Each structure stands twice: as structure tokens, then as C-alpha cells.
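Below you will find the structure I want to go over with you.
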Amino acid sequence: MVTIDDYKGNDTTWCPGCGNFAILNGIRQALAGLGIAPHQVVMYSGIGQAAKLPLYTRGNVLNGLHGRALPMATGSSFADHTIKTLVFGGDGDGFAEGGNHFLHAIRRNPDIAYIAHNNQVYGLTKGQASPTSDPGFVTGTTPEGVSYERFNPAAVAISLNATFVARTHTGVMTHMVEMMKLAIEHKGFSFLEVLQPCVTYNKVNTLKWYRERSYDLADDKDYDPADREVAWKKALEWGDKFPIGIILRSERPTMTDRLKVLEQQPLNRRPSRPRDVRPLLDNFR
Ligand SMILES: Cc1ncc(C[n+]2csc(CCOP(=O)(O)OP(=O)(O)O)c2C)c(N)n1
Ligand SMILES: [Mg+2]
């Protein structure tokens, strides 16, 4: 039996009260609850406080360049599409530096669960505004408040017809673990936005702020996550109230489903046929 302790990793360096602790506990619970052992999962991340998460668990983990976790995970999924592939990262990592990769991962639909920790600020680098900071948010680099439009990751994902778009926050632990499990089990690219407080650099979007404004889509029995137009309208709700839960869910072939070569076995289990490349290199002498 897989237990939460199987995912116990290195000591953390987050601030006391950071929302990342809940996400870390949540992912341990979700993986153990699904009976997935550390050797059956691979976790990628870029740079940031959020991106440290894989280092605090156990399993196959790689902490790479800022904003580049999705391309690493996509490549890895080509090599072995049978291993559970997870990506973790913050709002800066995923929607600023890595924004381009976010768009194209959705289009390709690899079998990856992307858990985006959204604290609406650059935590690691001491609190600059991020793409998801609300207009008016005051930081050291925006002393008069953010004057740009807010990047809405769920709406972007829906506009690109993502196959799984969900949102939760760290103040609703049971809900968060449930969303994580569904994201991990979904076949194709699943995007889960986890709103989390940054107790040091974001004094506006606190746990209380998220709790007071969120409502669960599951409470509306008529809500149909297969209806993309309705999902789009839901994703645009932000401010006084915003939805959590599964916003959009559908099915289409994954990136690797479309590759006939992978039908027999994953690429990394095919016999390797090393070739002598010296004659080729000699051509360039
Ligand atoms: C190419 C590159 N640009 C910028 C940085 C500096 N940097 C590191 S983390 C980060 C932003 C982190 O914010 P976020 O992804 O929201 O993570 P958080 O710390 O809030 O969890 C930045 C700008 C870097 N490491 N590499
Ligand atoms: Mg952040």
C-alpha cells in the first residue's frame, strides 16, 4: 500500500504559513490515495518557490530552467507516455517566462497534469507583480499599482480547448485533493490552478480573500463542464466571486495517442540500435 510517508522528501525552506505547504500535503495525499508509488511518477518544475515542491517529495524529479518545466515534461512524455507525469510551478514561471509553453502544451494535449500554484506574485524574487496580479496591486516594482490587464489562465486554457481545466485553493483541502486526483487521472493535458496565499509579499489575496469569494461549481447541479461556452463565461468571473471546481472537461486524443510508433511500447523500452556516427562526422572535416 502506498502511504503519504512514501512521499516524504527534503526539509522545506518556505515561509511559515505559505500556501505551498497545503499543496505539498495535498499532492502527497492525492498520489497515495490513487495508489501511485514514487517510482511510477515523474515530476518536473522550473524556478520559484512553487517550483521547489518536487524536491520536497520523493520520486523521479527534475528542477530545470525558469518557465521550462512543460517542454521537459512534454519531451519526457514522448519518451515514456505510461509514467504519470506531473508539472508544478508558479504564476510567474508558468504564465510569464513559460507562457508560450503553456499555450502549446494545451494544443498538443500530452498526458500531463499541470498544477499551477497561483499566489499572484513573484514570491522567490521578493514580491514583484506577476501576470496574474490584479490591476492596482502595489509592489516594489509597481509602486502606483499594476496598470496591466490580469492574465486569466483558466480562460486562456478554455480558449485553446484544453481537455481539463479546474481551479481550487489552499483553504479547501478536501476539495483541492479531489481536484488533484481528477487532474492526475485525466487522460490528456490537465490544467489545475491552485490559488494560494503568499503570506510575505501578497497581503491582499489572502486565504480569507479566497475563502470569501470562491464558490463550488459542483453545488450547481445544472452546471455542465462539457459546455465550453458556459465554461468560458465562468472562467471570466473574478473579483467579488469566482468559481472553483471543474470548469471544462472533454476528451480528445493525446499527443502520444496519435503516434503509431508508440502503440507497441514506450520509446524508452524499445531496443536501442546504436549507430557509428563517425563516418558522418568525417564528412565535416
Ligand atoms: C530566465 C530567468 N529569468 C528570471 C529569473 C528570476 N526568477 C526566479 S523565480 C522568478 C519568479 C517566481 O515567481 P513564481 O513563478 O510566481 O513563483 P513563486 O516564487 O511565487 O512561487 C523569477 C522572475 C530566473 N531565475 N531565470
Ligand atoms: Mg507566484
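Each residue takes its place number in the sequence, starting with 1. It should be emphasised that the depicted structure is a prediction, and the values quoted were computed from it without experimental measurement. Start at 1 and go down the list; that is how both ligands and their atoms are numbered.
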With distance as the sole test, does S77 use its side chain to make a donor-acceptor pair with the main-chain N or O of A73 at under 3.5 Å? no
Answer side chain, backbone, both or neither: which part of Q49 comes under 4.0 Å from ligand 1, heavy atoms only. both
Is it the case that ligand 1 has an N or O less than 3.5 angstrom from some N or O of N20? no
Just jot down the ligand 1 atoms closer than 4.0 angstrom to any heavy atom of N119, in number order. 20 (O), 21 (O)
Could you check atom 20 (O) of ligand 1 against the protein and tell me its nearest heavy-atom contact, residue, atom and distance included? G123 N, 2.8 Å
Does Q265, at its CD atom, have more than 12 non-hydrogen atoms belonging to other residues, nucleotides or ligands within less than 6.0 Å? yes
N, O or S atom of L124 closer to the Mg ion (ligand 2) than 2.8 Å: no
Does either side chain, that of S147 or that of E144, offer a donor lying less than 3.5 Å from an acceptor on the other one? no
Taking both backbone and side-chain atoms of D91, is any N or O found less than 3.5 Å from an N or O belonging to ligand 1? yes
Any N/O/S atom, backbone or side chain, of Q120 lying under 2.8 Å from the Mg ion (ligand 2)? no
Is any NZ, NE, NH1 or NH2 atom of the basic residue among E178 and K181 found under 4.0 Å from an Asp or Glu carboxylate oxygen of the other? no
Looking only at the side chains, is there a donor atom on one of S214 and H169 sitting less than 3.5 Å from an acceptor on the other? yes
Please check if the side chain of N109 supplies one atom and the backbone of T163 the other of a donor-acceptor pair under 3.5 Å. no
Under 3.5 Å, is there a donor-acceptor pair linking the side chains of T142 and T139? yes
Contact check: Y122 vs ligand 1, nitrogen or oxygen atoms, below 3.5 angstrom: no
Answer key: the N, O or S atom of D91 nearest to the Mg ion (ligand 2) is OD1
Check whether any N, O or S atom of D93 sits under 2.8 Å from the Mg ion (ligand 2). no
contact_flag E97 ligand 1 heavy-atom lt 4.0 Å: yes
Between Q128 and ligand 1, find which residue part has any heavy-atom pair under 4.0 Å and reply side chain, backbone, both or neither. neither
Step-by-step salt bridge (Lys or Arg N to Asp or Glu O under 4.0 Å) determination, D257 to R252: CA-CA 9 Å; D257 280 346; R252 70 182 143 90; over 6 Å; no
Report yes if some heavy atom in the side chain of Y223 is under 4.5 Å from a heavy atom in the side chain of I247; otherwise report no. yes
Between ligand 1 and G92, is the shortest N or O to N or O distance under 3.5 Å? yes
Which residue owns the protein heavy atom closest to atom 22 (C) of ligand 1, what's the atom, and how far is it? H66 NE2, 3.3 Å
Tell me the contacting part of D93 for ligand 1: side chain, backbone, both, or neither, using a 4.0 Å heavy-atom threshold, strictly below. both
Protein contact to atom 25 (N) of ligand 1 [nearest heavy atom, distance to 0.1 Å]: I47 CG2, 3.9 Å
Atom indices of ligand 1, in the order listed, that fall short of 4.0 Å to a heavy atom of G48: 9 (S), 17 (O), 19 (O)
Numbering the atoms of ligand 1 from 1, which are under 4.0 Å from a heavy atom of A50? 21 (O)
Hey, is ligand 1 close enough to V121 that some N/O pair sits below 3.5 Å? yes
Parallel, tilted or perpendicular: which fits the ring planes of W14 and Y56, with parallel below 30° and perpendicular above 60°? perpendicular
Which ligand 1 atoms, with their elements, are less than 4.0 angstrom from a heavy-atom of G90? 14 (P), 15 (O), 16 (O), 17 (O)
Roughly how far, to the nearest 0.5 Å, is the OG1 atom of T170 from the CD1 atom of I23? 6.0 Å
Considering only protein heavy atoms, which is closest to atom 6 (C) of ligand 1, and at what distance to one decimal place? T125 CG2, 3.8 Å
Here the pair of heavy atoms bringing F137 nearest to Y201 is CZ-O, 3.8 Å
No-hydrogen, no-angle side-chain donor-acceptor test under 3.5 Å, S250 and R228: no
